[in-house]
4 protein chains.
Amino acid sequence: MHTIATRSAPGSKGQETAKRVRMAALKRFAGAGYAAVSMREIAADVGVRPGALYNHFPTKQDILKDLMLTHMADLLTAWDTARFPEAMDPLERFVRFHIRYHLERADEVFISYMELRNLEPDNFEIIEAERRRYEAILTSILHEGSAAGRYSVDDPKVATRAIIAMLTGIPTWYREGGHLGEHDVEDLYLTMVRKAVASETRNFQTETG
Amino acid sequence: MHTIATRSAPGSKGQETAKRVRMAALKRFAGAGYAAVSMREIAADVGVRPGALYNHFPTKQDILKDLMLTHMADLLTAWDTARFPEAMDPLERFVRFHIRYHLERADEVFISYMELRNLEPDNFEIIEAERRRYEAILTSILHEGSAAGRYSVDDPKVATRAIIAMLTGIPTWYREGGHLGEHDVEDLYLTMVRKAVASETRNFQTETG
Amino acid sequence: MHTIATRSAPGSKGQETAKRVRMAALKRFAGAGYAAVSMREIAADVGVRPGALYNHFPTKQDILKDLMLTHMADLLTAWDTARFPEAMDPLERFVRFHIRYHLERADEVFISYMELRNLEPDNFEIIEAERRRYEAILTSILHEGSAAGRYSVDDPKVATRAIIAMLTGIPTWYREGGHLGEHDVEDLYLTMVRKAVASETRNFQTETG
Amino acid sequence: MHTIATRSAPGSKGQETAKRVRMAALKRFAGAGYAAVSMREIAADVGVRPGALYNHFPTKQDILKDLMLTHMADLLTAWDTARFPEAMDPLERFVRFHIRYHLERADEVFISYMELRNLEPDNFEIIEAERRRYEAILTSILHEGSAAGRYSVDDPKVATRAIIAMLTGIPTWYREGGHLGEHDVEDLYLTMVRKAVASETRNFQTETG
DNA sequence: AATGAATGAGTGTTCATTCAT
DNA sequence: TATGAATGAACACTCATTCAT
C-alpha cells in the first residue's frame, strides 16, 4: 500500500500535532480554566491518545507556559512591528493596538490574565517580566506625554494599570455582530482614555479610526 | 433551669463550622481557583474531616454558590445603606464606594469575577442578574448625569463597563502599606473617571476623600 | 405548651418507630438489596435522622437479622397454627399454605432468600436452622406419604428442594390482577406437584381450592 | 523480521487483563453481591491498581452488564449447538441441558438471577429479553408436546416457570462429591419434571442419563 | 509519533456509626 | 427518643504521567 502521496514531510506531522495541541489547550483553558482541563480532553480534541501529548510537551504545565510565553512574545512583537499613520498620537496608537490585538486574540489574552496563578514560580516570573515590559510602553507614553504637557496624569503607573484594565475588559462583553462594531468600540474607549488623561478640554470625539 | 453563657446554644456549633468553611473556601478559591481546591484542603483548614463538610454544604459547588450569592447580596445592600456627604456627586459616591468595598472584600470580589464559569448555569444566571443590577446603578448615574449636562458619555453602558473594569482592577495590584494609601488610590481613580466622562474642563483634582 | 393530649403512652412512640424502621427496611432491602440500602434512606423513609435509628437497632445488620428471624419464626408459627379441612391431603396443605404465605409476604420471603449471604455467620446459622426446620416439614410429608404408598419419591430431600424452589419462584412473576388469580395459581402448582410425586396416575385436576 | 512466539502480540496483555477482571468480578459478585463488591477488591484479585480497571471497563456497571450479557448469549448459543441422541425426547433434552449448563456455570447463573435489579434499565431490558427467549424454548416444547398428547400441561407458561425455578434451584444446594452425582441429580429431576407434565402413567424412572 | 496499559495519587462524595445535647 | 455534628473509612472514578511496544 502506497502512502507516499499523503504522507507529510518528515517531522511535519509532529509539528502539526503540537500545533493542534496548542490550539485545543488554548480553547479549553480559556473556556474552563487550566485546572479544570484534563490532558485526556486535550488529547480527545486533537484526536490522539493522552500519552501522545507527551511527545510534544513534557507536562501539562508546559503547555500553559508555552501558550502564555508565546502570547506575550507575540504581543510585544506585534507592537514593535505595528504600523500606524505618521501623525497618530502615541496614546491613540496604543489604545487602538491594544483593543484590536485583544479582540483578535481573546483566548490568549484571557488565559494570560486568568491563569497566572497556575504558573509555576519560574514561569510566572518570566510572564510577569513580559507584562511589565508591555505596560512600560504605555507608562512611558503617559510619562512623556505628561512631561510634554499633552496629557496630565498624576501617576503614570497607576494610570497605566487603570487604562489597561479598562481596555482589557472589553473582550469580556464585546461580541461580534452586536450593535457596536469593533471600530465603534475603539473610538468610544479612545475618547474615554484621552479625556481621562487630558490636560485640558478639547474635542475628544474621534474622527478617524 | 438556667443555661449559663458558657454552654453554646444548640446548633451554634454547626453555624460556627459553616462560617469557617465559608472563610476557608473563600481564601482557597481566591488563591488557587475553585477547580484547584479540594474539599480535603478546606476540611483541613477548618480542622474537620472531609465528610463533615457535607453536614453544612451539600456539594462543593454549593459552597461557591453561597460565597458568590452572599457577596453580590452584600454588595448591593452595602450600596443601598452607604452614607455619603449630602453634597457629594453621585459619580464620586459610586467610585469611592466601589473602590472601598472592593479593597475591603478583595477575595469575594476576585472569585466573583474569576469563578463565574465554574458556576452551574442556574447559579450563573442568578449571579449575573445581580451583577447587572449593580452595573445598572452606575449606568443610571451616567445616564442621568449626561442628560443633566454634568457628564458627557456617548454610551453609558459601555462607559459603565469601562469604569467598572478600571476600578475592579485595583485590588490586583494595590497592596496595603505601599507608597499609595487607599485614599490616594481613591483620589487618583476618581480624577481619571471624572475626566473620562467630563463634559468640560474643570479642576478635577480631588480635595476631599 | 401542653402536649399531653397528643403524646402517646410511654414507650409506645419508640415501638412505633421501630416498627416503621422494620417496614421501611423491609421494602428497601427487598427492592434494592441489603448492601445497596443506606441507613440514611431508611431514616428518611421513617421521617427521622439517621442517628435515631440506633435507638432501635444497634446496627444495620441487626435490622436485617430482625427481619429474617421474625420472618422465619412467623412462617413456622403460621404453619403450626394453620387450619385446613380435615380431609385435606398433607401435601396439598403444604402447597396451598406455602403459596398463600409467600404471596402475602413476598418481601419477607424475598429477602430471606436473597440476603442470606449478607448475614453474619451466627445469624446465618440461626436462619438456616429455621429453614431446615421448615423444609423438614415437607420432607417428612413426602417421606411418610411415600412409605404409605400415596406418593412415589426416590429422594424426599431432593424432592423437597425441587418443590420448594418451584413454589418459591411464584412471587417473582405472579402479579395480582393478572389473568390468573391466586387460586388458579395454587391449583396449577398443586397439580404439578402432585403429579411430580405421584405413584400412579389419577385425576390430578384440583377441584377444591 | 520475525516475531517469535514468546513476545505477546500487541493488545493481548490488555485482553488477558480484561478476562481476569471478568473472572474476578464473577466470583466476587456471585459471592457477595454486586453492591457489596468494590472495584478495589476486583483490582486486587486481578493484581492491578484500581484505576487500571477503567482501561478495560468504563464503569463497574459495565462489568456486570458484560457478565450477564455474555452469559445469556452463551446459554442460548450452547442450547442451539447442543448435541443429543436422535431419539431423546425434547423435554429430556431441555432438562438435561439446563441442569448441566447451570451446574457448570453456577456463578454466571447465580448473578444472572440475583443481580437483575442492579442492572440499569436499558441493560435490564436486554437481559430480560434474552431470558424470555430462553424460557420460550421450554414453553414451546411443552406447548407442542401437549398438543401432541405427549404431555398434559394446563398452562405452558406457568409450567415453564415452575420447571425452570425447580431446576435453577439445584446449584444452591448441589455440591460435587456429595452422595449424589450430577447424573443422579439429572435423573431425579428429570423424573419429577416428566411426571409433573405427564398425561398418563408410564415408567418415569430414567435409565439412560 | 502514537498506542494501550499501567501507576500512584487524588477527586468529590457517601457510609455506618457515635455522641453530646 | 431524637437531633446535629462529627468521624474514619470507604466508595467509584479521574488525574497526570510513564513506558514497552
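Letters A, B, ... mirror the listed sequences (proteins, then strands); counts begin at 1.
- At most 12 non-hydrogen atoms from other residues, nucleotides or ligands lie less than 6.0 angstrom from CZ of C/Arg49.
- Comparing F/dG4, F/dT17, E/dT13 by their closest approach to the side chain of A/Pro50 singles out F/dT17.
- By the 4.0 Å N-to-carboxylate-O rule, A/Lys27 lies too far from A/Asp45 to be salt-bridged with it.
- In this structure, E/dC15 and F/dG8 make a Watson-Crick or G-U wobble pair, each of the two defining distances being under 3.5 angstrom.
- Ranking F/dA16, F/dA12, F/dT3 by closeness to the A/Ser38 side chain, first place goes to F/dA16.
- Nearest-nucleotide assignment on DNA chain F puts the 5′-proximal partner with D/Met39, out of D/Met39 and A/Glu41.
- Nearer to the 5' terminus of DNA chain E, by closest-nucleotide assignment, is the contact made by D/Val48 (compared with the other of B/Thr59 and D/Val48).
- Considering only the side chain of C/Lys60, E/dT17 comes nearest among E/dG4, E/dT17, F/dT1.
- Panel note: side chain B/Tyr34, backbone B/Gln61; a donor-acceptor pair is recorded below 3.5 Å.
- Residue order along DNA chain F, read from the 5' end via each residue's closest nucleotide, puts D/Gly51 first among D/Gly51 and A/Gln61.
- Residue A/Arg20 contributes atom CZ, which lies 15 Å from atom P of E/dA1 at whole-angstrom precision.
- At a threshold of 4.0 angstrom between heavy atoms, the contacts of B/Val46 with the nucleic acid are absent.
- Partner assigned to F/dA20 is E/dT3, using Watson-Crick or G-U wobble distances below 3.5 angstrom.
- Proximity of a side-chain donor or acceptor of A/Lys65 to a complementary backbone N or O of A/Glu120 within less than 3.5 Å is not detected.
- Between B/Ala35 and D/Asn55, the residue anchored closer to the 5' end of DNA chain E is D/Asn55, taking for each the nucleotide with the nearest heavy atom.
- Among the nucleotides F/dA12, E/dT11, E/dA1, the one closest to the side chain of A/Thr17 is E/dA1.
- B/Phe57 has its CZ atom 14 Å from the C1' atom of F/dA5, to the nearest Å.
- A donor-acceptor contact under 3.5 angstrom links the side-chain atoms of C/Arg40 to the base of E/dA16.
- Between B/His56 and F/dA6, a side-chain N or O to OP1/OP2 separation shorter than 4.0 Å is present.
- If you measure from atom CD of B/Gln15 to atom C1' of F/dA6, you get 16 Å, rounded to the nearest angstrom.
- Each of E/dG8, F/dG4, F/dA12 was ranked by its minimum atom distance to the side chain of D/Tyr54; first place goes to F/dA12.
- Rounded to whole Å, atom P of E/dG12 lies 12 Å from atom CZ of B/Arg28.
- In this structure, A/Asn118 places its CG atom 12 Å from P of F/dA16, rounding to the nearest Å.
- The CZ atom of D/Arg28 sits 8.0 Å away from the CD1 atom of D/Ile42 when rounded to the nearest 0.5 Å.
- The side chain of C/Arg49 places an N or O atom within less than 4.0 Å of a non-bridging phosphate oxygen (OP1 or OP2) of F/dG4.
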